[in-house]
Amino acid sequence: MQDEAALLRRAQQHDQTALGEIYDRYARRIHRYIYHRTGDVGLADDLTGDVFVRMLEAARSDRFAQTSLQAWLYRIAHNLVIDHYRRRPVSPDLPLETYNGAVADGPATMVEQRLSQERLRAAMKFLTEEQQQVLVLRFGEGLTAAEVADVLGKAETAVWALQHRALAALRRVMQEEMAG
């Protein structure tokens with residue numbers, strides 16, 4: 001697998017094969033990130049497509065990523081999610097049939113997992129936008145604190161602080177829900 005810096009250089013030179021490789025390498029990750037932020041598979045499909053359309057437009061107009069390709073793509077995805085919520089502030093609930101969990105454990109386990117996901121998603125709404133983004137990138141996407149810092153354009157120490165505050169707030173919200 002070609003390293004990101006070489007792939008970025010090729011893409012900046014309008015290499016169509018490199019642009020295809022970028023899609024192949026990042027599309028699933030970007031889709032998963034958007035899904036974690038929205039909870040809507042169809043919306044994640046649409047916005048993921050938009051991320052890569054913007055990538056192609058940027059390549060044609062020399063506004064392509066200059067340093068970290070991964071951070072640049074996540075930033076585009078983040079901005080599209082924010083734009084979506086600005087246009088449409090109410091997020092729909094996911095129908096049960098869109099759940100992608102393992103059915104092998106049976107319907108009771110599936111419902112229990114779904115309820116836990118819904119509680120977590122509801123609790124996340126009490127966090128700041130930055131805190132939500134840090135948690136999704138760190139735990140949903142598995143990025144390191146340094147990679148998250150690159151995506152957010154922040155110092156790594158700031159990411160650690162955001163993560164700490166977000167987890168503490170999430171713990172408080174979940175405990176209050178369990179108590180009340």
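One is the number of the first residue; the rest follow in order along the sequence. Keep in mind that what you see is a predicted model, and the values were worked out from it rather than measured.
For Tyr23, the OH atom sits in a loose shell: 12 or fewer heavy atoms of surrounding residues, nucleotides or ligands are nearer than 6.0 Å. Few gaps surround CZ on Phe139; more than 12 heavy atoms of other groups in view lie less than 6.0 Å from it.
Here the closest heavy-atom approach between residue Leu19 and residue Ala11 is recorded as CD2-CB, 3.9 Å. Heavy-atom minimum distance, His36 versus Gly140: NE2-O, 3.6 Å. Here the closest non-hydrogen pair linking Thr48 and Ala27 is CG2-O, 3.8 Å. Contact detail for Asp3 and Ala6: the closest heavy-atom pair is OD1-CB, 3.0 Å. The heavy-atom pair separating Ala166 from Gln131 by the smallest distance is CB-CB, 3.5 Å.
Look at Glu141 and Arg29 and you find no salt bridge, because none of the NZ, NE, NH1 or NH2 atoms lies under 4.0 Å from a carboxylate O. Of the charged side-chain nitrogens involved, none lies within less than 4.0 Å of a carboxylate oxygen, so that Arg63 and Glu57 do not count as a salt-bridged pair.
The main-chain N or O of Ala149 is never found under 3.5 Å from a side-chain atom of Glu156 such that the two would form a donor-acceptor pair. A donor-acceptor contact shorter than 3.5 Å links the side chain of Arg75 to the backbone of Val151. Within the 3.5 Å criterion, the main-chain N or O of Leu127 finds a donor-acceptor partner in the side chain of Gln132.
Leu56 is connected to Ile30 through a chain of hydrophobic side-chain contacts under 4.5 Å among Ile, Leu, Val, Met, Phe, Trp and Tyr, so both are in one cluster. Leu162 and Val173 sit in two unconnected hydrophobic clusters of ILVMFWY residues. Membership requires side-chain heavy atoms under 4.5 Å apart, directly or through other members. In this structure, Ile76 is a member of the same hydrophobic cluster as Tyr85, with clusters built from ILVMFWY side-chain heavy atoms closer than 4.5 Å.
Checked options Gln163, His164, Arg165; the residue passing with Leu167 is Gln163 (criterion: side chain to side chain contact (heavy atoms under 4.5 Å, CB included)).
To the nearest 0.5 Å, the span separating CG on Asp40 from CG on Leu47 amounts to 9.0 Å. Taking CZ of Phe126 as the start and CD of Glu176 as the end, the distance is 8.5 Å to the nearest 0.5 Å. Note that the CD1 atom of Ile22 and the CZ atom of Arg10 stand 8.5 Å from one another [nearest 0.5 Å]. Rounded to the nearest 0.5 angstrom, Leu69 CG and Asp150 CG are separated by 10.5 Å.
Cation-pi check for Arg138 over Trp160 is met; the charged atom lies under 6.0 angstrom from the ring centroid and within 45 degrees of its normal.
No side-chain heavy atom of Leu7 sits less than 4.5 Å from a side-chain heavy atom of Asp15. Side chains of Glu129 and Ile82 form a contact here, defined as non-hydrogen atoms less than 4.5 Å apart. Inter-residue side-chain proximity for Tyr35 and Leu43 is flagged as unmet; no heavy-atom pair is nearer than 4.5 Å. With a 4.5 Å cut-off on side-chain heavy atoms, Leu80 and His84 do not count as touching. With contacts defined as side-chain heavy-atom distances shorter than 4.5 Å, the pair His14/Phe64 does not qualify. Gln70 has its side chain within reach of Leu143: a pair of non-hydrogen atoms, C-beta onward, lies under 4.5 Å apart. The side-chain heavy atoms of Leu8 and Trp72, taken from C-beta on, include no pair separated by under 4.5 Å. The shortest side-chain heavy-atom distance between Glu130 and Lys154 falls under the 4.5 Å cut-off.
Side chains of Tyr33 and Gln133: a donor-acceptor N/O pair is present below 3.5 angstrom, by distance only. Side chains of Tyr74 and Glu147: no donor on one and acceptor on the other come within 3.5 Å. A donor and an acceptor atom, one from each side chain of Glu4 and Tyr26, are located under 3.5 Å apart.
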